[in-house]
**Student:** 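Sharing a structure below in structure tokens format, with a few things to ask.
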Amino acid sequence: MDTEYDIIIVGGGATGLGCAVDAASRGYKTLLVEKDDFGKGTSSKSTKLVHGGVRYLEQGNVFLVREALIERKRLIENASHLVTNLTFVIPNYNVFRGPYYFTGLKLYDFLSIGYSLGKSKYLSKKTVKKLLPNITEEGLKNGISYHDGQFDDTRLLVSLLSTYSELEGTALNYCKVTDLIKDKSGKVVGVHCHKTLEDEQFDARAKVVINATGIFTEQFQKMDNPNVSISVTPSQGSHIVLNHKFMKSDKALMIPKTSDGRILFAVPWHNHTLVGTTDAFTDKISNDPKVTDKEIDFMLETANEYFEEDPTRDDILSCFAGIRPLVTKGNSLDTKSISRSHGVSVSDSGMVNITGGKWTTYRKMAEDTIDKALKISDLSFTKCNTADLKLDHGGTSVTEKRLRIYGGFASQIMELERNDKKLAKRIHPDLPYTRAQVVWACDNELAMTVEDVLARRTRALFLNAKAAKESSKKVADLMAKTMGKSEEWKQEQINQFNEFADSYLVK
């Protein structure tokens, strides 16, 4: 592989891949490296919402909301196979709260002028029950509806990866940066890398290096300067996944104020009900944080206040958590009140660092980051052109249901199924995914492990952890055959995945 690049980006989540697509689309020779799998951390563990952020209006962060609303519309237009318009319903059990929320949502509507997905409306009690059949009726006064977006996070990430590849960018997962390369003046000019699966090492050099490592931002900056200290507060967001019967609706429930002042959503997702996200400070930085019993109990108790049929721990099909690196100006541990804005900085060594932000604004974050990288490097400046860059990859010629399951390249995957009937079979009766998707992920989406396939190329682990475990042998068999792997590799993969999947089960 080449060792000389214009731009090197470290970190393969939404921020890093967004930066990579932006850089490559401007014509710069770009390398992206990720120490685990793409989207392994926070980027695969969102609440699956593309939104302006209604709650940020209470904080007075009008600029962030407007920016996010613009980016929301762009995402729906550029990735229509993965991002959809979703109606949210706020049920009112307190007659005085209705006008307050309605006023806020009308401001939300105003800020979305030119980029609106639909107007907010006051709803009668009867209409609320029609939209959310399983909502608790006792004490219900009325409700409000508004519109935001919904998406599949890592399937969008794979679309970004495919777009980046089409733009002739180089992306490597399971490639860890072990050190930075500096010239005599102390400027960062490259990275030492270790490809962990092959146990190979190589050096790569560039005009500018970008740190897009998310929750590991400070750790990575310490590789450059051991004394660095940045203002980031890690916030753990937890979710549980339930059967669709608890909602029985294609509309989402928004709970604007829980018992402890947080916001909670219950949204339909892949024919399941996703409840989350919570916000809680954590001092344990990890790609795979565990959902605590306290947070599970909180989500169940809150859901039970709003669902006619009360879910229990036995009804949880999967649970997962992700950590957000929130940019702070003080030492606040109240993560629900911290802005989701982003910040771009340049180290004394010339390394560019992008911190904070959220999925909805990933494109704007990338634009700001690459703009800064070009301005401080010897590279000539070319304007960003991603505002209308399509990410659909020819998936618009099939049914919406297929698009939701296959997440892009649906036509190509269906062709595999037509050519080999065995590949059309599901990997598990309780999961919508077929064997063809496993083969496609190995051949075209850089899936290297069973976890890659069951957690991020499909969403099996997130929808039903038990079913995912039960399908691991079948997936390992297909992967071993497709990739030419040994029986030893196959058994090791099954064991590793099943141990990992246990943390997604509620005991």
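Computed over heavy atoms, backbone and side chain alike; hydrogens, waters and symmetry mates excluded.
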**Student:** Of all residues at least two apart in sequence or in a different chain, which pass the salt bridge (charged side-chain N to carboxylate O under 4.0 Å, His left out) check with Lys207?
**Tutor:**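 Listed in chain order: nothing, the list is empty.
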**Student:** Sequence neighbours left out, what passes salt bridge (charged side-chain N to carboxylate O under 4.0 Å, His left out) with Lys73? Give chain and number order.
**Tutor:**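 Lys73 satisfies salt bridge (charged side-chain N to carboxylate O under 4.0 Å, His left out) with Glu77 once adjacent residues are dropped.
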**Student:** I'd like to check the side-chain hydrogen bond (donor to acceptor under 3.5 Å, both in side chains) partners of Thr213; sequence neighbours left out, ordered by chain and number.
**Tutor:**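 Counting only residues at least two positions away or on another chain, Thr213 forms a side-chain hydrogen bond (donor to acceptor under 3.5 Å, both in side chains) with Asn211.
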**Student:** I'd like to know if the side chain of Gln150 pairs up with that of Trp269 as donor and acceptor (distance under 3.5 Å, no hydrogens or angles considered).
**Tutor:**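 Trp269 and Gln150 do not have a side-chain donor-acceptor pair below 3.5 Å.
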**Student:** Inspect the surroundings of CG in Asn85 and state if more than 12 heavy atoms from other residues, nucleotides or ligands are less than 6.0 Å away.
**Tutor:**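 Count over threshold, so yes.
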**Student:** Got a sec, which pairs hit salt bridge (Lys or Arg N to Asp or Glu O under 4.0 Å) with one end in residues 86-96, sequence neighbours left out?
**Tutor:**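 Applying salt bridge (Lys or Arg N to Asp or Glu O under 4.0 Å) to every pair that reaches into residues 86-96, excluding sequence neighbours, yields nothing.
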**Student:** Whether the side chain of Arg324 engages the backbone of Gly356 through a donor-acceptor N/O pair (distance < 3.5 Å, no angle test) should be reported.
**Tutor:**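 A pair under 3.5 Å: no.
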**Student:** Tell me whether the NZ or CZ atom of Lys35 lies within the 45° cone about the ring axis of Phe216 and under 6.0 Å from its centre.
**Tutor:**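 Judged by the rule, Lys35 and Phe216 form a cation-pi pair.
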**Student:** So with a 6.0 Å cut-off around CG of Asp378, is the heavy-atom count from everything else above 12?
**Tutor:**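 Atom CG in Asp378 is not packed in, count stays at 12 or less.
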**Student:** Would you say that more than 12 heavy atoms from the other residues, nucleotides or ligands in this model lie under 6.0 Å from the NZ of Lys141, or not?
**Tutor:**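 Not more than 12 within 6.0 Å, no.
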**Student:** Measure across Leu242 and His272 and return the closest heavy-atom pair with its distance rounded to 0.1 Å.
**Tutor:**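 Smallest interatomic distance, heavy atoms only, reads O-CB, 3.5 Å.
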**Student:** Quick check: do Leu300 and Ile296 have side-chain heavy atoms less than 4.5 Å from each other?
**Tutor:**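 The answer is yes; the side chains approach within 4.5 Å.
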**Student:** Take atom CZ of Phe381 as the centre, draw a 6.0 Å sphere, and report whether it contains more than 12 heavy atoms from other residues, nucleotides or ligands.
**Tutor:**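 For Phe381, atom CZ is crowded (more than 12 foreign heavy atoms under 6.0 Å).
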**Student:** Take atom NZ in Lys29; do more than 12 heavy atoms of anything else shown fall under 6.0 Å from it?
**Tutor:**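 Counting other residues, nucleotides and ligands, NZ of Lys29 exceeds 12 neighbours.
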**Student:** Side chains of Phe281 and Gln236: does their closest heavy-atom pair fall under 4.5 Å?
**Tutor:**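 No - every pair of side-chain heavy atoms lies 4.5 Å or more apart.
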**Student:** Taking side chain as C-beta onward, heavy atoms only, is Ile181 less than 4.5 Å from Val188?
**Tutor:**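 Heavy-atom side-chain distance check fails, nothing below 4.5 Å.
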**Student:** To the nearest 0.5 Å, tell me how far Leu131 CG sits from Leu253 CG.
**Tutor:**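 Answer rounded to 0.5 Å: 11.5 Å.
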**Student:** For Glu71, give me all partners under salt bridge (charged side-chain N to carboxylate O under 4.0 Å, His left out), at least two apart in sequence or on another chain.
**Tutor:**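 Glu71 satisfies salt bridge (charged side-chain N to carboxylate O under 4.0 Å, His left out) with Arg74, Arg363 once adjacent residues are dropped.
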**Student:** Do Asn287 and Asp36 get their side chains close enough for a donor-acceptor pair, meaning under 3.5 Å?
**Tutor:**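 Result is yes, a qualifying pair exists.
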**Student:** Write down the atom of Leu274, the atom of His239, and the distance for their closest heavy-atom approach.
**Tutor:**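 Taking every non-hydrogen atom into account, CD1-CB, 3.8 Å.
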**Student:** How would you list all residue pairs meeting salt bridge (Lys or Arg N to Asp or Glu O under 4.0 Å) that involve residues 82-99, not counting sequence neighbours?
**Tutor:**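 Pairs touching residues 82-99 that pass the test: none.
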**Student:** Are more than 12 heavy atoms, taken from residues, nucleotides or ligands other than Lys130, located less than 6.0 Å from that residue's NZ atom?
**Tutor:**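 Open.
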**Student:** Assess the residue pair Leu105 and Ile90 against the criterion (side chain to side chain contact (heavy atoms under 4.5 Å, CB included)); give the C-alpha distance rounded to whole Å, side-chain angles, the decisive distance to 0.1 Å, and a yes or no.
**Tutor:** CA-CA 11 Å; Leu105 287 167; Ile90 302 175; 3.9 Å; yes
**Student:** With no hydrogens and no angle check, do the side chains of Asn142 and Tyr93 hold a donor and an acceptor under 3.5 Å apart?
**Tutor:**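 On atom types as modelled, these side chains do not qualify, holding no pair under 3.5 Å.
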**Student:** Can you name the residues that form a salt bridge (charged side-chain N to carboxylate O under 4.0 Å, His left out) with Asp153, not counting sequence neighbours?
**Tutor:**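 Listed in chain order: Lys48, Arg459.
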**Student:** Give a yes-or-no answer on whether the side chains of Asp288 and Ser503 include a donor-acceptor pair shorter than 3.5 Å.
**Tutor:**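 Not at all, the side chains of Asp288 and Ser503 share no donor-acceptor pair under 3.5 Å.
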**Student:** Roughly how far, to the nearest 0.5 Å, is CG of Leu391 from CG of Leu75?
**Tutor:**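 If I round to the nearest 0.5 Å, the distance is 7.5 Å.
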**Student:** Given side chains that start at C-beta, do those of Phe409 and Ser162 come closer than 4.5 Å, heavy atoms only?
**Tutor:**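 Phe409 reaches Ser162 side chain to side chain.
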**Student:** With side chains defined as the heavy atoms from C-beta onward, is the minimum distance between Val62 and Leu111 less than 4.5 Å?
**Tutor:**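 Yes; the side chains approach each other to less than 4.5 Å.
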**Student:** How many angstroms lie between OG in Ser159 and CG in Asn78, if you round to the nearest 0.5 Å?
**Tutor:**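 Between atom OG of Ser159 and atom CG of Asn78 there are 11.0 Å.
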**Student:** Sequence neighbours excluded, which residues qualify as ring-ring contact (aromatic ring centres under 6.0 Å, His included) partners of His51?
**Tutor:**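 Testing His51 for ring-ring contact (aromatic ring centres under 6.0 Å, His included), a comparison that skips the adjacent residues, returns none.
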**Student:** Classify the angle between the aromatic ring planes of Tyr122 and Phe102 as parallel (below 30°), tilted (30 to 60°) or perpendicular (above 60°).
**Tutor:**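 Because their plane-to-plane angle lies in the 30° to 60° range, the rings of Tyr122 and Phe102 count as tilted.
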**Student:** Is it true that the NZ or CZ of Arg66 lies under 6.0 Å from the centre of Phe110's six-membered ring and within 45 degrees of the ring axis?
**Tutor:**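 Ring-cation test returns no.
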**Student:** Do Asp371 and Lys375 meet the salt-bridge criterion of a basic N to acidic O distance under 4.0 Å?
**Tutor:**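 Here Lys375 does not pair with Asp371 in a salt bridge, since their nearest N and O are not under 4.0 Å apart.
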**Student:** Do you see a donor-acceptor pair shorter than 3.5 Å between the side chains of Ser116 and His147?
**Tutor:**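 Short answer, no.
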**Student:** Within the 3.5 Å criterion, strictly below it, is a donor on Ser124 or Thr127 matched to an acceptor on the partner's side chain?
**Tutor:**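 Thr127 and Ser124 do have a side-chain donor-acceptor pair below 3.5 Å.
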**Student:** How about Ile7 and Leu379: do any of their side-chain heavy atoms sit closer than 4.5 Å?
**Tutor:**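 Yes. Closest side-chain heavy atoms under 4.5 Å.
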**Student:** Identify which one of Thr30, Thr382, Val352, Ile210 satisfies the side chain to side chain contact (heavy atoms under 4.5 Å, CB included) criterion when paired with Ile370.
**Tutor:**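 Of all the options given, the one that passes is Ile210.
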**Student:** On a heavy-atom basis, which atom in Val209 and which in Gly190 lie closest, and how many Å separate them?
**Tutor:**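 Answer, listing the atom of Val209 first, then Gly190: CG2-N, 4.1 Å.
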**Student:** Could you pull out the closest heavy-atom pair between Ala441 and Val453, with the gap in Å?
**Tutor:**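 Ala441 and Val453 have their closest heavy atoms at CB-CG2, 4.3 Å.
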**Student:** Listed by chain and number, what are the side-chain hydrogen bond (donor to acceptor under 3.5 Å, both in side chains) partners of Ser120, not counting sequence neighbours?
**Tutor:**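 Counting only residues at least two positions away or on another chain, Ser120 forms a side-chain hydrogen bond (donor to acceptor under 3.5 Å, both in side chains) with Asp109.
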**Student:** Does any pair with a residue in residues 18-38 pass ring pair (Phe, Tyr, Trp, His ring centres under 6.0 Å), and if so which ones, sequence neighbours excluded?
**Tutor:**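 For residues 18-38, and leaving out neighbouring residues, there are no ring pair (Phe, Tyr, Trp, His ring centres under 6.0 Å) pairs at all.
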**Student:** Using only heavy-atom distances, determine whether the side chains of Asp260 and Thr258 contain a donor-acceptor pair under 3.5 Å.
**Tutor:**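 Side chains of Asp260 and Thr258: pair found under 3.5 Å.
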**Student:** Identify the two heavy atoms, one from Lys390 and one from Thr163, that lie closest to each other, and give their separation to 0.1 Å.
**Tutor:**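 Smallest interatomic distance, heavy atoms only, reads O-OG1, 4.4 Å.
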**Student:** Mind listing the closest non-hydrogen atom pair of Ser259 and Phe298 along with its distance?
**Tutor:**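 Residues Ser259 and Phe298, closest heavy atoms: OG-CE1, 3.8 Å.
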**Student:** Run the numbers on Asp452 and Tyr174 for side chain to side chain donor-acceptor pair (under 3.5 Å), then give the verdict.
**Tutor:** CA-CA 11 Å; Asp452 294 349; Tyr174 298 99; 2.7 Å; yes
**Student:** Would you say Pro268 and Leu86 make side-chain contact, with heavy atoms under 4.5 Å?
**Tutor:**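 They are in contact (side-chain heavy atoms under 4.5 Å apart), so the answer is yes.
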**Student:** Consider side chain to side chain contact (heavy atoms under 4.5 Å, CB included). Of Met365, Arg72, His342, which one does Glu67 pass it with?
**Tutor:**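 Passing option: His342.
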**Student:** Are any non-hydrogen side-chain atoms of Val208 and Met351 less than 4.5 angstrom apart?
**Tutor:**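 In short, these two side chains do not touch, never coming nearer than 4.5 Å.
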**Student:** Can you confirm if the NZ or CZ of Lys45 lies within 45° of the ring axis of Phe320 and under 6.0 Å from the centre of its six-membered ring?
**Tutor:**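 Judged by the rule (NZ or CZ under 6.0 Å from the ring centre, within 45° of its axis), Lys45 is not positioned above Phe320.
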**Student:** Does this structure show an ion pair linking Asp22 with Arg26, if we count only N-O contacts that are shorter than 4.0 Å?
**Tutor:**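 A salt bridge is present here (some side-chain N lies under 4.0 Å from a carboxylate O).
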**Student:** May I ask you to check whether over 12 heavy atoms, not counting those of Lys222, lie within 6.0 Å of atom NZ?
**Tutor:**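 Above 12, so yes.
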**Student:** Of all residues at least two apart in sequence or in a different chain, which pass the ring-ring contact (aromatic ring centres under 6.0 Å, His included) check with Phe246?
**Tutor:**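 Partners of Phe246 by the ring-ring contact (aromatic ring centres under 6.0 Å, His included) criterion come out as none, since no residue qualifies.
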**Student:** For Trp359, give me all partners under ring-ring contact (aromatic ring centres under 6.0 Å, His included), at least two apart in sequence or on another chain.
**Tutor:**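 ring-ring contact (aromatic ring centres under 6.0 Å, His included) list for Trp359, sorted by chain: Phe151, Tyr362.
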**Student:** Could you tell me whether Lys187 atom NZ has more than 12 heavy atoms of other residues or ligands within 6.0 Å of it?
**Tutor:**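 Counting other residues, nucleotides and ligands, NZ of Lys187 exceeds 12 neighbours.
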